[in-house]
Amino acid sequence: MKISGFTIIRNGVKFDYPFIESILSILPVCDEFIAVVGDSDDGTREKIESLRSPKIKIIDTVWDETLRTGGRILSQQTNIALDHITGDWGFYLQGDEVVHENDLDIIAKEMHNHLHDQNIDGLLFSYYHFWGYHHVCVTRRTYRREIRVVRNTPLIRSFRDAQSFRKYPSVEAFSGNHPGIKLNVRLINARIFAYSRVREPQKELEKVIAFERWWHPDDHISKKYSGKSAFDYEQVDMVAPFDANAHPRVMNERVKKSTWKFHFTKPRFSLKNRLLYSFEKLTGWRIGERRNYKIVSRHTE
């Protein structure tokens, strides 16, 4: 069995993404790692080169400004990475996603167990969405699970803004705007640590504005953020405390160096979300949850 890790990144240094920690977190179980590096002006490529791993192959790209709407550029770049992997499985991480070292053996075992089970297209992970390094979001506004391991086939492609993947009847169907088919996945006992909201407020706002360029036109962004000098971390439904000692080992240095800490005051629920949150806490069922996958309870070996 051969495992290919892959990621996309652009200006990861400038916007303080933990992309090096992300790569290092799964490199031990990968036979190769494809890093698609967009045209950066901050030394992002050089940081990846400095790892000096023979497993890592860098693909240089230029981001197409005509693909700004809907995050399409992220999907296009992810598909470039998919086209370069050579393993049986592709293990995908975004630039702010990290895997815990305690989960690597579990993930590798699940890939091995399902290698010849063609009914399984990918593996589904549970998520920790961080709000600062000491809290995780526990609201409906964050997704609980997502696909991060996919079978290597030209029929599986990145979907929409690269949050997930879909399968297509043919290569021609994908290029012909076929909506795609949800993947059959196995939910595994492994976690993705998503560090999307851990920067101090001024730097977080800079990152958010730059990132939103790939979804919205400039006038929309200017109007939305006019007069703002910092990201408003208080606009969050609910967070739960997280033990700083429970982060993946590769993140320890970042957590120690962070001088900003989010202090939670009170929930910011709308009445609708408060009721839905209470129902979910009581039953474990998230009403109306977006699921871009079909969970297969057991493999068919």
Side-chain angles (χ1 to χ4, degrees), residues 7-22 25 38 40-44 47 63 68 70-71 73-74 93-98 127-144 146 161-163 191-248 250-270 273-274 277:
T7 193
I8 66 170
I9 191 69
R10 181 175 185 262
N11 286 330
V13 175
K14 179 189 295 185
F15 297 115
D16 201 26
Y17 281 88
F19 64 100
I20 294 298
E21 292 87 348
S22 177
S25 74
S40 302
D41 55 14
D42 63 348
T44 291
K47 288 282 275 188
W63 284 30
R68 279 186 57 174
I73 186 65
L74 304 178
L93 287 183
Q94 296 185 348
D96 57 8
E97 296 179 344
V98 177
Y127 265 71
Y128 288 148
H129 293 276
F130 284 90
W131 208 258
Y133 287 116
H134 302 277
H135 294 86
V136 291
C137 285
V138 288
T139 80
R140 293 173 51 82
R141 292 196 286 177
T142 56
Y143 47 93
R144 295 190 295 175
E146 197 47 88
D161 62 356
Q163 180 177 313
R191 304 154 292 174
I192 298 294
F193 291 64
Y195 295 97
S196 54
R197 293 283 186 264
V198 296
R199 301 161 188 81
E200 57 91 15
Q202 290 76 25
K203 287 188 177 293
E204 181 60 28
L205 183 64
E206 292 175 12
K207 187 271 294 188
V208 168
I209 291 174
F211 200 55
E212 285 209 14
R213 285 190 70 249
W214 304 102
W215 272 263
H216 306 292
D218 292 334
D219 57 347
H220 170 90
I221 296 171
S222 296
K223 182 178 180 180
K224 181 176 180 180
Y225 295 103
S226 176
K228 295 183 179 180
S229 60
F231 182 80
D232 185 4
Y233 275 96
E234 288 299 321
Q235 297 303 309
V236 60
D237 291 350
M238 177 69 78
V239 296
F242 186 84
D243 181 0
N245 296 315
H247 288 280
V250 294
M251 289 296 295
N252 285 348
E253 197 62 29
R254 269 188 179 264
V255 175
K256 288 178 184 177
K257 286 182 177 179
S258 176
T259 59
W260 173 77
K261 187 175 181 180
F262 169 66
H263 296 282
F264 183 57
T265 53
K266 63 179 181 179
R268 301 280 180 169
F269 284 111
S270 66
N273 282 344
R274 183 183 296 277
Y277 175 76

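Worth knowing before you read on, the calculation uses all heavy atoms, side chains too, and leaves out hydrogens, waters and symmetry mates.
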Check your understanding: Any side-chain heavy-atom pair from Lys14 and Asp41 closer than 4.5 angstrom?
Key -> yes

Point to revise | Steps toward side-chain contact (heavy atoms from CB on, under 4.5 Å) verdict (Ile192, Leu93) | key: CA-CA 9 Å; Ile192 298 294; Leu93 287 183; 3.7 Å; yes

Check your understanding: Is the backbone N or O of Gln202 less than 3.5 Å from a side-chain atom of Glu200, with the two atoms forming a donor-acceptor pair by type?
Key -> yes

Review point. Does Glu206 come within less than 4.0 Å of Lys203, counting only side-chain N to carboxylate O?
Key: no

Check your understanding: Under 4.5 Å between any side-chain heavy atoms of Tyr195 and Val98, yes or no?
Key -> yes

Point to revise | Side chain Ser258, main chain Val255, donor-acceptor under 3.5 Å | key: no

Review point. After noting the C-alpha distance and the side-chain angles of Phe193 and Met251, does the key distance pass the side-chain contact (heavy atoms from CB on, under 4.5 Å) rule?
Key: CA-CA 10 Å; Phe193 291 64; Met251 289 296 295; over 6 Å; no

**Study point:** Ser226 side-chain N/O to Lys223 backbone N/O, donor-acceptor pair under 3.5 Å
**Key:** no

Check your understanding: Yes or no on side-chain contact (heavy atoms from CB on, under 4.5 Å) for Trp215 and Arg68, after CA distance, side-chain angles and deciding distance?
Key -> CA-CA 6 Å; Trp215 272 263; Arg68 279 186 57 174; over 6 Å; no

Check your understanding: Side chains of Asp237 and Arg141: does their closest heavy-atom pair fall under 4.5 Å?
Key -> yes

Check your understanding: Under a 4.5 Å cut-off applied to non-hydrogen side-chain atoms, are Ile8 and Leu74 in contact?
Key -> yes

Check your understanding: Any chance the side chains of Glu234 and Thr265 put a donor and an acceptor closer than 3.5 Å?
Key -> yes

Point to revise | Nearest atoms (heavy-atom pairs only) where Thr142 meets Cys137 | key: CG2-CB, 3.9 Å

Exercise for review: Would you give the length of the straight line joining atom CD1 of Ile209 to atom OG of Ser222, rounded to the nearest 0.5 angstrom?
Suggested key: 8.5 Å

Exercise for review: Mind running ring-ring contact (aromatic ring centres under 6.0 Å, His included) on Phe211 and His216 for me, showing each step along the way?
Suggested key: CA-CA 9 Å; Phe211 200 55; His216 306 292; over 10 Å; no

Review point. Distance-only, no hydrogens or angles: does the Arg144 side chain make a donor-acceptor pair with backbone N or O of Val138 under 3.5 Å?
Key: no

Practice item. Give, for atom OG1 of Thr7 and atom CZ of Phe19, the distance between the pair rounded to the nearest 0.5 Å. Key: 9.5 Å

Practice item. Please list all pairs passing the side-chain hydrogen bond (donor to acceptor under 3.5 Å, both in side chains) test where one or both residues lie in residues 127-138, with sequence neighbours left out. Key: Glu97-Tyr127, Tyr127-Arg148

Review point. Is Thr44 reaching over with its side chain to a backbone N or O of Gly12, donor-acceptor style, under 3.5 angstrom?
Key: yes

Check your understanding: Are the side chains of Pro241 and Phe264 in touch, meaning some heavy atoms are under 4.5 Å apart?
Key -> no

Check your understanding: Looking at Asp42 and Lys47, does any basic side-chain N land under 4.0 Å from a carboxylate oxygen?
Key -> no

Practice item. Anything under 30° is parallel, anything over 60° is perpendicular, the rest tilted; go ahead and classify Tyr233 against Phe262. Key: tilted

Point to revise | Exam field: side chain Gln94 to backbone Ala194, donor-acceptor pair closer than 3.5 Å | key: no

Practice item. Using a 4.5 Å cut-off on heavy atoms from C-beta on, say whether the side chain of Val250 contacts that of Ile20. Key: no

Exercise for review: Verify the distance criterion only: is there a donor paired with an acceptor across the side chains of Glu212 and Tyr225 at less than 3.5 Å?
Suggested key: yes

Point to revise | Non-hydrogen atoms of Gly132 and Trp260 that approach each other most closely | key: CA-CZ3, 4.0 Å

Practice item. State whether Trp63 and Arg10 meet the cation-pi test: NZ (Lys) or CZ (Arg) under 6.0 Å from the six-membered ring centroid, and within 45° of the perpendicular axis. Key: yes

Revision key, fill the gap. Minimal heavy-atom distance between Ser22 and Gly95, with the atoms involved, is CB-O, 4.3 Å

Check your understanding: Looking at CZ of Phe231 and CZ of Arg197, how far apart are the two atoms once the value is rounded to the nearest 0.5 Å?
Key -> 4.0 Å

Practice item. Show your reasoning for whether side-chain contact (heavy atoms from CB on, under 4.5 Å) applies to Asp16 and Lys207. Key: CA-CA 8 Å; Asp16 201 26; Lys207 187 271 294 188; over 6 Å; no

**Study point:** Contact check, side chains of Pro18 and Asp96, non-hydrogen atoms, under 4.5 Å
**Key:** yes

Point to revise | Under 3.5 Å donor-acceptor, Asp161 side chain and Gly71 backbone | key: no

